[in-house]
**Q** 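The structure follows.
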Amino acid sequence: MIDYEKELNSEQLHVVLEERGPILVIAGAGSGKTRTLTYRVARLIETGVKPERILLATFTNKAARTMLSRVKALTDRDLSHMWGGTFHHIAHLVLRANSHFLGYERNFSILDSDDSAQFLAACISEIGLNAKNEKFPKGDVMRDLISFSMNTGITIEEVVKRRHPYFFYCGDDIEKVAAQYCIRKIKLNVMDFDDLLVNCKKILAEYPHILHAYAEKFSNVLVDEYQDTNTIQAEMVDSLASYHGNIMAVGDDSQSIYAFRGANFENILLFPEKYPDCKVFTLETNYRSTPEILHLANMSIVNNDKQYQKTLRSVRSQGIKPILVPLRDVMQQANFVSHRILELIGEGMLLSEIAVLYRAHYHSMELQMEMMRRGIPFEIRSGIRFFEQAHIKDVISYMRIIINPLDEMAWKRVLGLYNKIGKATAEKIWKYLQSTQSPLIAMLSEDLLESIMKSARQGIVNCQWTFKRLIQSMTGASPSRIIQIVLDSGYRDYLQKRYTDALSIIPWKIL
């Protein structure tokens, strides 16, 4: 028998020992949410619930593996028949047994992100939009549009309006591609990740006997990170818990971060309205942060209009008081942070003991540039370094060519940005430029157009126009002016049709 009183604090213990019914657990940051869920599952098994009658929905496979391995260690039971995993994993299990009701064979394939983008590119080509409109969004952007629509229930038209307004003029064609995408997936017996959720919800909603079978099967449904569920995920678990009514949602309304993926934090706020007889528990004992940090966090959210009231309390001893430093702009901020890092190093602190946090990766741009200028070595954990990002290297390649017209790699990178110019054509063009006395002047010549196949000529004409503008502005032009010219000469359209986050990928207002 597990000694729950020894292993858990009083807040966690009340959750774990609660008998039945809908339960909402508001778990503050660092309050032992995973531990509580783990011991709750162990308690259910210890009281006679068979593992195969427990459903544990998580947001990552890692979280599911961690919890299941801990439950196994606590109970020493075989959990191979217990359903524990991501929402997509659970939906996949349902669909493998029932996909034929939706016109799929049971051996359907699953498209990963790259497959999905390529699949959409094929749909675009089938409809003939590549030839019709070179500015039409590419596969990755189309996938983002369709995915957000599927996960939120918002129409394609509205998603375009909200997230990609520069494509609003071709909204009808985007809807045609989305429709063709759906038809083609069923025809070829494939689903993407979003289909797993949408189709699972559809099966449960349209076939009562299937819903009854699964809802009766799972006597207890537990959901992790409930604040980051979208509408489909919330409806899925509601359906699966509909027979016995034993659903436990665990999350924190103050930690919802996936709205950009379609998550709806109001799911957790409205849980008591959906389940009027639910019992609400709050985990407020924090094991992660110092009292000073928690006080700042508590005061930062105290006036939020929509929230569950909670006050986190630390079990750690006192630490350093957080400091708020108002700064004029991002450049002054980068200068301050870099200067402070040098001060800490001068006081004997190791670089490996210093971390800088920011809200989004693109916020690190100015900081990276300032640390490079000051010679401070750093490692980026949120993505790749600023100057190693594809779109930055693209723009810099134009500058490299202006400075050094013999830069082969820069030429090939720039040429590859233009329509109908692949690696073989870029190689051929480079050999021609290399054979001349002045590659930059040769780039602007009519002879170059005559030496390449007709399909690539319009791309070369566009490239020539860009370099003509750059050459005209060379004298005294600032880097920002060169960037503006490159963007205005077609690169802005290139970004918008190929990158899902074009509005933030270059954080300058000139985009």
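Heads up: numbering here begins at 1 and tracks the sequence.
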**Q** Do we get R163 above F148's six-membered ring, with its NZ or CZ under 6.0 Å from the centre and within 45° of the axis?
**A** yes
**Q** Using only atom types and a distance under 3.5 Å, with no angle test, would you say the side chain of H81 pairs donor to acceptor with the backbone of P51?
**A** no
**Q** Any donor-acceptor pair under 3.5 Å linking the side chain of E158 with the backbone of T155?
**A** no
**Q** Between D394 and Y491, is there a side-chain heavy-atom distance shorter than 4.5 Å?
**A** yes
**Q** Using the ring of each side chain (for Trp, its six-membered ring), is Y181 parallel, tilted or perpendicular to F119, with breaks at 30° and 60°?
**A** perpendicular
**Q** Give a yes or no on whether the backbone of F271 and the side-chain of Y226 come within a donor-acceptor separation of less than 3.5 Å.
**A** no
**Q** Just wondering, are more than 12 heavy atoms of other shown residues or ligands nearer than 6.0 Å to CG in D329?
**A** yes
**Q** Quick check, are the ring centers of Y243 and F218 under 6.0 angstrom apart?
**A** no
**Q** Does CD belonging to E343 count more than 12 external heavy atoms closer than 6.0 Å?
**A** yes
**Q** Would you find more than 12 non-hydrogen atoms of other residues, nucleotides or ligands less than 6.0 Å from H88 atom NE2?
**A** yes
**Q** Surrounding OH of Y4 (heavy atoms of other residues, nucleotides or ligands, distance under 6.0 Å), is the total greater than 12?
**A** yes
**Q** In this structure, are over 12 heavy atoms from other groups packed under 6.0 Å from K202 atom NZ?
**A** no
**Q** Could you check, using the six-membered ring where one of them is a Trp, whether F193 and H92 have ring centers closer than 6.0 angstrom?
**A** no
**Q** Might you confirm whether atom CD of E353 has over 12 heavy atoms from other residues, nucleotides or ligands at distances under 6.0 Å?
**A** yes
**Q** Minimum heavy-atom separation for Q227 and V250, please, with both atom names.
**A** OE1-O, 4.4 Å
**Q** Would one find more than 12 heavy atoms of other residues, nucleotides or ligands at under 6.0 Å from atom NE2 of H14?
**A** no
**Q** Should the heavy atoms of other residues, nucleotides or ligands under 6.0 Å from CG of L350 be counted, would the total exceed 12?
**A** yes
**Q** Contact between M248 and V15 at the side-chain level, heavy atoms closer than 4.5 Å - yes or no?
**A** yes
**Q** If we count only N and O atoms by modelled type, under 3.5 Å, do the side chains of T285 and E11 hold a donor and an acceptor together?
**A** yes
**Q** A cation-pi test, strictly: NZ or CZ of R96 under 6.0 Å from the centre of the six-membered ring of F108 and no more than 45 degrees from its axis. Yes or no?
**A** yes
**Q** Looking at side-chain heavy atoms only, is the closest gap between L269 and D253 below 4.5 Å?
**A** yes
**Q** Examine the side chains of H209 and Y207 and answer whether a donor and an acceptor come within less than 3.5 Å of each other.
**A** no
**Q** Would you please test K217 and E52 for salt bridge (Lys or Arg N to Asp or Glu O under 4.0 Å) and show each step?
**A** CA-CA 8 Å; K217 168 183 171 65; E52 57 267 30; over 6 Å; no
